[in-house]
Q: 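Here you go, one structure.
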Amino acid sequence: MKFESVVLSALAAASVALADLNPIVVKGNAFFDSVTGDRFYIKGVDYQPPDANGATSDPLMDYNVCSRDVPYIKALGMNTIRVYHVDNAADHSACMQLLQDNGIYLLLDVATAEQAISRDYPMYSYNYVLLQHNFATIDAFSNYTNVLGFVAANEVVNAVNTTDTATVLKAVIRDMKRYVSMRSPRTIPVGYCAADVAENRYQLAHYLNCGDASERAEFFGLNDYSWCGSSSYTVSGYNQKVANFNNYSIPIFFSEYGCNLVEPREFTEVQAIYSSQMIPVFSGGLVYEYIQEANNYGLVEVSSDLKNVTPLVDYYNLQYQFNQTQLPSGDGGYHANNNASECPAYVKGLWEANDTLPSMPAQASQYLTAGAGTALGTNGPSNQWVPNSVLGSTGSSSAASATSTVSSTGSASSSSSNSAGSSTGSAAASKGAAVANVLRRGAGLNSFVAPVIVVAFSFAFGLVAF
């Protein structure tokens, strides 16, 4: 087979405009087309191309970028992209329409480097600034029928000693669900994407699916790099994941996959992910990642002037596997009536989340009825606020905390990383601070160190109160 001819024919087909896509809804442990009733399997790629300087940027606000890439994504037969970072004040209409025209849904992370849950001080980061940002992002995208779901956070729990952040994570999911129910023109699922931490992956999954229905996540993504090279359903541990999640009552999928310990990647896991063994439990997955960067996970390279794309060997290998894999017909044996999970028991040093969630910050409750107001974008205030008195009690200072290592990217074999973040005192806020769940600039077995830029937002934006 000449792979280039397959790409070219798909690129030509990608120019044909289609009607708006049907919204996707959750039924039991699976996704379904809300109009046709067909089962929907995620067949996608993680998509966050950097700008000309290598910095994180919003790919959906620049038509030159998305129109460069969408034809190549379409040529792989993909139906979903995951974007980790957007500017909620920007205009995304052109790129979102292009995705619509090419049959592509969007799974959208709402966090940015400035607005995210802090692992160091999760309760202090849970404030009205964070919720205004999250709600404004929902406003910016809820009118697009091809939004598959909103990701409340990515890899907040990335080790055995960060499980206390799950309490705030679940509160944020609750608040976002409530905002969607009150302000969005349609129901859009809200969920989480998790690091594959062996010690607590199941506790976290069940914690997010236990308790009152208003607090439970509506999907669970797993960033998983356990299938390396020519592995197998059993060697990779996929069989154990299917068994352990068999009674899970909400959709679960691989929000990242594609181990690169063996290169080039053959993507033999594709046939397993969409096989009759897995689809009763799993709903597909997203390959990490589209653009080649230093971490060497890319499917394509982009020219230095950002105008041209060159598919790599991994791209063609993935295309081959997709071409050899037919999505199952029917409902795939999904589980319509699984019960919600039991909340995991507290285990000191292993699982320390609280089943009782904090109330929504009083200043944020007005957004439920009045709306989030003007989107402040990526240059808006940071939610990373910690009083000097708290920093002092831990023996830290505002300056010292600005370089504390608190964020991670997770991996198949390790849940640690060095993304730099900060928590500052009441005189300044940090951009890129204490980032708990942001940009996947180094997934898999690599890590990203975020820039720490301290800017004075304090009283100008009234962030002293929570």
Side-chain angles (χ1 to χ4, degrees), residues 44-59 65 68-69 72-73 76 78 81-85 107 109 111-113 116 151 154-156 158-159 193-197 221-229 231 236 254-270 285-304 306 309-318 405-421 432 435-452:
V45 66
D46 299 308
Y47 179 67
Q48 196 73 52
D51 64 19
N53 298 315
T56 300
S57 62
D58 179 352
V65 171
R68 176 198 68 194
D69 296 330
Y72 288 91
I73 295 171
L76 287 169
M78 290 182 165
I81 62 171
R82 178 186 176 191
V83 174
Y84 296 85
H85 166 99
L107 182 66
D109 289 55
T112 71
V151 179
N154 181 67
E155 297 194 349
V156 169
N158 71 320
C193 293
D196 189 21
V197 182
L222 187 61
N223 298 338
D224 182 282
Y225 295 85
S226 58
W227 187 302
C228 298
S231 190
S236 66
F254 292 128
S255 41
E256 296 175 7
Y257 73 89
C259 169
N260 69 353
L261 290 180
V262 178
E263 296 180 320
R265 294 183 290 177
E266 298 179 359
F267 293 109
T268 53
E269 66 264 48
V270 165
L286 299 111
V287 172
Y288 188 82
E289 64 176 322
Y290 179 70
I291 294 286
Q292 178 74 312
E293 299 183 73
N295 57 21
N296 210 34
Y297 280 87
L299 299 176
V300 305
E301 281 188 329
V302 176
S303 60
S304 58
L306 305 184
V309 168
T310 302
L312 301 172
V313 173
D314 282 10
Y315 179 98
Y316 294 119
N317 287 347
L318 180 62
T405 300
V406 298
S407 169
S408 88
T409 57
S411 73
S413 62
S414 170
S415 58
S416 64
S417 95
N418 328 320
S419 296
V435 188
N437 55 347
V438 289
L439 322 167
R440 300 284 305 162
R441 302 275 37 96
L445 306 177
N446 300 284
S447 62
F448 161 65
V449 179
V452 177

Q: Let me confirm one number: the CD-CD distance from E289 to Q48, rounded to the nearest 0.5 Å.
A: 9.0 Å
Q: How close do N158 and A195 get, counting heavy atoms only, and between which atoms?
A: CA-CB, 4.4 Å
Q: Is any side-chain heavy atom of C193 less than 4.5 Å from a side-chain heavy atom of E155?
A: no
Q: Given 3.5 Å as the limit, does a donor-acceptor pair link the side chain of R82 with the main chain of L286, or not?
A: no
Q: Please determine which of T56, D109, D46, T112 meets the side-chain hydrogen bond (donor to acceptor under 3.5 Å, both in side chains) test together with Y84.
A: D46
Q: So, N53 side chain and A55 main chain: donor-acceptor pair closer than 3.5 Å or not?
A: no
Q: Is the backbone N or O of S226 less than 3.5 Å from a side-chain atom of S236, with the two atoms forming a donor-acceptor pair by type?
A: no
Q: If only atom types and distance count, is the side chain of R68 paired as donor or acceptor with the main-chain N or O of V309 below 3.5 Å?
A: no
Q: Run the side chain to side chain contact (heavy atoms under 4.5 Å, CB included) check on V287 and Y315 step by step: do they pass?
A: CA-CA 10 Å; V287 172; Y315 179 98; over 6 Å; no
Q: Yes or no on side chain to side chain contact (heavy atoms under 4.5 Å, CB included) for E269 and S231, after CA distance, side-chain angles and deciding distance?
A: CA-CA 8 Å; E269 66 264 48; S231 190; over 6 Å; no
Q: Any chance you could lay out the side chain to side chain contact (heavy atoms under 4.5 Å, CB included) test for L306 and V65, step after step, and finish with the verdict?
A: CA-CA 8 Å; L306 305 184; V65 171; 5.9 Å; no
Q: Of the non-hydrogen atoms in P49 and D69, which two are nearest, and what is the gap between them?
A: CG-OD2, 4.2 Å
Q: Between V300 and T310, is the side chain to side chain contact (heavy atoms under 4.5 Å, CB included) condition met? List the steps.
A: CA-CA 5 Å; V300 305; T310 302; over 6 Å; no
Q: Going by heavy atoms in the side chains, are E256 and D224 under 4.5 Å from each other?
A: no
Q: Please name all residues satisfying side chain to side chain contact (heavy atoms under 4.5 Å, CB included) with T268, sequence neighbours left out, ordered by chain then number.
A: W227, E266, Q321
Q: Should L299 and L312 count as side-chain neighbours, where that means a heavy-atom distance under 4.5 Å?
A: no
Q: Identify which one of F267, F254, Y297 satisfies the ring-ring contact (aromatic ring centres under 6.0 Å, His included) criterion when paired with Y288.
A: Y297
Q: So, using ring-ring contact (aromatic ring centres under 6.0 Å, His included) as the criterion, who are the partners of Y290 when residues are at least two apart?
A: Y47
Q: Taking the side chain as C-beta and beyond, is there a heavy-atom pair between P264 and N317 under 4.5 Å?
A: yes
Q: Considering residues at least two apart in sequence or located in another chain, which fulfil the side chain to side chain donor-acceptor pair (under 3.5 Å) criterion with E263?
A: N296
Q: Can you tell if the side chain of V45 reaches within under 4.5 Å of the side chain of L76, non-hydrogen atoms only?
A: no
Q: Tell me the closest heavy-atom pair linking V197 and A159, and the distance in Å.
A: CG2-N, 4.1 Å
Q: Among side-chain atoms of N154 and N223, is any donor-acceptor pair under 3.5 angstrom?
A: yes
